[in-house]
Amino acid sequence: MTPEQIAETLKAEFDGAVVDAIMSGGHPSVVIAAERWHEVALFLRDDPRLRINFLRCISGIDWLERGEIEAVYDLQSLRPAGPGELWSGDNDVAVRVRVPREGGHIPSVADVWPAADWHERELYDMFGVVFDNHPDLRRILCPDDWVGHPLRKDYEHPLEYHGIPGTTEFGQKSPRH
Amino acid sequence: MSWIQNKFEEGLIVTSLDWALNWAKLNSIWPMTFGLACCAIEMMATGASRFDIDRFGAGAFRATPRQSDLMIVAGTVTYKMASRVRRLYHQMPDPKYVMAMGACTIGGGPYFKHGYHVVKGVDLVVPVDVYVPGCPPRPEALLEGLMRLQDKIRHQTIAKTPEVKAKEKVLTTA
Amino acid sequence: MAETILESQPDPLMDWRKSDGDGEPDFGDVRTEEMLVNMGPQHPSTHGVLRIVLRTDGELVLEAIPHIGYLHRCAEKIGENLQPYQYIPKTDRMDYLAAMNNNHAFSVAVEKLAGIEVPERAGYIRIIMAEMNRIASHLVSFGTYGLDMGAFTPFLYAFRERERILDLFEAVCGARLTYSYITIGGVTQDLPDRFLETLAEFLDYFEPKVDEYNQLLTYNHIFVKRTAGVGIISPEDALRWALTGPVLRGSGIKWDLRKTRPYDLYSRFEFDVPVGLPGGSEGIPREVRVGDCWSRYFVRMQEIKQSVRIVRQCLEQIPDGEYKAKLPKTLKLPETEVYFEAEGARGQLGFLVVGDGSAIPYRVKVRGPSFCNLSVTTQVCRNVLLADVPAIVGSIDIVMGEVDR
């Protein structure tokens, strides 16, 4: 199915869950309301027309001006074609879930696609988005006692960590934002 | 060597002993297998067929700090790793040497400006004897660094240092 | 066939580990205590600074929890502060064993975003470099996997050939490890004189060596005993955990982006996609099962040969012409985004680049294949022997620079 068809299917199946469908540009995607995301994910995985079984990536984007953090799920379904043949992949679609920057909650899909486990931990670490019902929501890259969420646009570099000095001359805000 | 150091005046016996001790030390510097990042691959290449660090007696890569003389910090040290680097350094027996390999360990390297999680130089964590620049340094550069370390060891002595002598002089006159 | 792949098969080798039905392994009257063992971050067989906390019961590993982040070098933060040209050297340092593939993936992503056409000669040069770097990376994987399994000699053999590949790269761009050679719109400079002839000579020299490696390690009885039937990842698990690259193909799933989603010029070449095959097939020892450590290792060895094939075809087809597209000095990125995945040496390397109308991307996200491949460790290292953990982690072939970014 093309991303447009997937968006139509989701609109027909879930009333009000599809907030928007962005089909122009290089990354066609469907925007799903955060509170409905888990049931939509289950549908995407189990519906015989879709059978999306491969979660490629979860990316976070901090839209500072809009006051939103966006999680982008890149999905795909891989299917066997025949004995000894290449598998076929289709249903490439991106799903976007938008939450406010402060106190954002997204239902975890680690039970739907286990691959989401570490990606969600990374988003929590880097953006401070909380994933509800995640099996083990801890920081993954930064140490446990790290302050702040580094990939937020207003993040300030640490001046010191456990007695080791950080960037003093350059310890300003990230230059662009 | 601390139990024998600073006990004797310089003399024929002491300098001969120095020579023998240093000869043994500098030709059997055993490094620790301690790869952090990209530079570790060049460190592996230095130990492998073409460059063969064994020619300098430093080819016995030990997996544990307890058996090694030299810590080659090969790669970026991050804040999460810094405490482990320090702990490994303290686990090494004396005499111990540290070589900072690559731009990241010298001063943060390419991660200096925006690297919020990168320690800006391993000398903020452990004392460093030899700095080997490059990103990553070529194996030849690492061998050169090893030779500079050997030079450093060659000039060590167990005789009393001028500072110790000066201190003793103050004590005896007082 | 495809359906039979998806059915998990009973494993006679694992039978002795099965118990009387309570799900716990049975060691007769031996009673042991649980112990937590820290493996890493400084450990010779963790391939860098990975730390795995093992919950062990005697020799048996009940649970393995990887802890990562010891090499977190803020690559994504740097990406949103630098122009794409300036970011290319940072992509080198993610997967530092296959830096050309990283340059390639990021360049193609930015080209897709900005709508840049690459000259034909540049396209061929890029594929030659990417495939040669894939060979070099698989050689390191082969050598260090031997080290993990207690065989030191293959390491020296692998590095002997790898040094010759690095010589070629050095002739092209001057660097041994971090090349920054493939760039947006082509490559940074044309090939030096007599490069293609030297490359052809190298391929003639190198191709028989792969059989030498197979004699040396692949079919070595001890090596097969250590890796065959160990750490089996079923095809369902491979998909659920979104594994990619040789790890996915080792589980019998024939999926290679170079074939299934051809990018750049890959659609022009003929090559096979090797997958893990059950034991007893041609050239496969009897003990091997689909998706075990040996299959993953062997997929890499076969991929080396396929890469040689691709490079040979490049040598025949490469035309004269420009090596780089004409581009403005500062490249303005349009206000859109692109997510692009390329087949790196370890799996699908993805870049999400978000433009906002300026020369600096608003966001760069890296999907490191090793990051996703490593996340399966907890699943695989359950009820395995302690000595199997290095075998499993080594066969996944991770690079920590890419896991932590």
Side-chain angles (χ1 to χ4, degrees), chain B residues 32-52 54 59 61-65 68 71 73-85 87-89 91 102-104 108-119 134-141, chain C residues 38 40-49 51 67-82 86-87 89-90 92-97 99 136-137 140 143-144 147 152-153 155-164 166-167 170 175-178 399-402 404-405:
Chain B
M32 176 162 58
T33 320
F34 183 47
L36 287 171
C38 336
C39 292
I41 307 299
E42 288 297 63
M43 190 172 76
M44 273 158 63
T46 316
S49 348
R50 183 180 289 183
F51 297 97
D52 193 10
D54 255 334
F61 281 92
R62 310 311 298 174
T64 159
S68 36
M71 179 159 84
V73 187
T76 317
V77 182
T78 60
Y79 284 125
K80 201 171 179 179
M81 193 66 198
S83 59
R84 273 75 174 177
V85 175
R87 174 178 292 193
L88 286 168
Y89 176 75
Q91 285 179 346
C104 296
Y111 305 96
F112 181 75
K113 190 165 179 184
H114 304 294
Y116 50 85
H117 194 245
V118 174
V119 177
C135 190
R138 298 176 58 91
E140 292 96 328
Chain C
N38 247 312
Q42 194 265 329
H43 189 278
S45 69
T46 52
H47 292 231
V49 284
R51 171 173 162 227
H67 288 246
I68 62 172
Y70 293 97
L71 194 55
H72 176 47
R73 296 193 283 194
C74 332
E76 291 175 10
K77 191 74 175 177
I78 294 171
E80 56 190 49
N81 283 297
L82 295 183
Q86 301 170 314
Y87 190 55
K90 267 75 179 181
D92 278 334
R93 285 157 184 83
M94 282 173 212
D95 180 354
Y96 35 79
L97 287 174
S137 163
V140 175
T144 51
L147 276 185
F152 188 75
T153 324
F155 170 73
L156 297 175
Y157 278 62
F159 269 67
R160 185 186 62 190
E161 267 74 64
R162 182 174 174 268
E163 288 292 339
R164 291 194 56 163
L166 296 192
D167 282 350
E170 211 179 321
R176 277 169 53 87
L177 204 63
T178 47
V399 164
M400 289 315 287
E402 195 177 61
D404 298 338
R405 284 151 292 153

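In what follows, chains carry the letters A, B, and so on, assigned in the order in which the sequence lines appear, proteins first and then strands, with residues in each chain numbered from 1. Only this structure's heavy atoms are used, side chains among them; waters, hydrogens and symmetry mates stay out.
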Chain B contact via C:F159 - which portion, at a heavy-atom distance below 4.5 Å: both
Which atoms of B:L36 come close to chain C, meaning under 4.5 Å heavy atom to heavy atom: side chain ones, backbone ones, both, or neither? both
Checking C:Y70 against chain B: side chain, backbone, both or neither under 4.5 Å from a heavy atom? both
What's the spacing between B:C38 SG and C:M400 CE if we round to 0.5 Å? 13.0 Å
Considering all heavy atoms of both residues, which atom of B:P136 and which atom of C:L177 are nearest to each other, and what is their separation? CG-CD2, 3.6 Å
So which part of B:A40 gets closer than 4.5 Å to some heavy atom of chain C, the side chain, the backbone, both or neither? neither
Go through B:A63, B:A37, B:P110 and name the one with the most non-hydrogen pairs under 4.5 angstrom from chain C. B:A37
One option among C:D167, C:D92, C:V140 has the most heavy-atom pairs under 4.5 Å with chain B, and it is C:D167
Output field: ring centroids C:H72/B:Y111 closer than 6.0 Å: no
Proximity breakdown for C:L147 and chain B, heavy-atom pairs closer than 4.5 Å: neither
Could you check C:N81 against B:K113 for side-chain contact (heavy atoms from CB on, under 4.5 Å), going step by step and ending with a plain yes or no? CA-CA 10 Å; C:N81 283 297; B:K113 190 165 179 184; over 6 Å; no
OH (C:Y157) with more than 12 external heavy atoms under 6.0 Å: no
Let's test your reading of the structure: which of B:V118, B:T33, B:T76 forms the most heavy-atom pairs below 4.5 Å with chain C? B:T76
Options B:A48, B:A74, B:G47, ranked by heavy-atom pairs under 4.5 Å with chain C, top entry: B:A48
Shortest non-hydrogen contact from C:T178 to B:C135? OG1-O, 3.2 Å
Within the side chain of C:R162, is there an N or O that forms a donor-acceptor pair under 3.5 Å with the backbone of B:A45? no
Side chain, backbone, both or neither of B:M32 within contact of chain C (heavy atoms, under 4.5 Å): side chain
Does a side-chain heavy-atom distance below 4.5 Å link B:H114 with C:K90? no
Treating B:K80 as the side-chain partner and C:I68 as the backbone partner, does any N or O pair qualify as donor plus acceptor under 3.5 Å? yes
Select, from B:A82, B:C104, B:G75, B:P139, the one with the greatest count of heavy-atom pairs under 4.5 Å involving chain C. B:P139
Tell me, for C:E402 versus chain B, whether the close heavy atoms (under 4.5 Å) come from the side chain, the backbone, both or neither. neither
Give the member of C:Q42, C:R73, C:R51 that has the highest number of heavy-atom pairs under 4.5 Å with chain B. C:R73
Side chain proximity check, C:P41 to B:M81, heavy atoms < 4.5 angstrom: yes
What part of B:F61 lies closer than 4.5 angstrom to a heavy atom of chain C: side chain, backbone, both or neither? neither
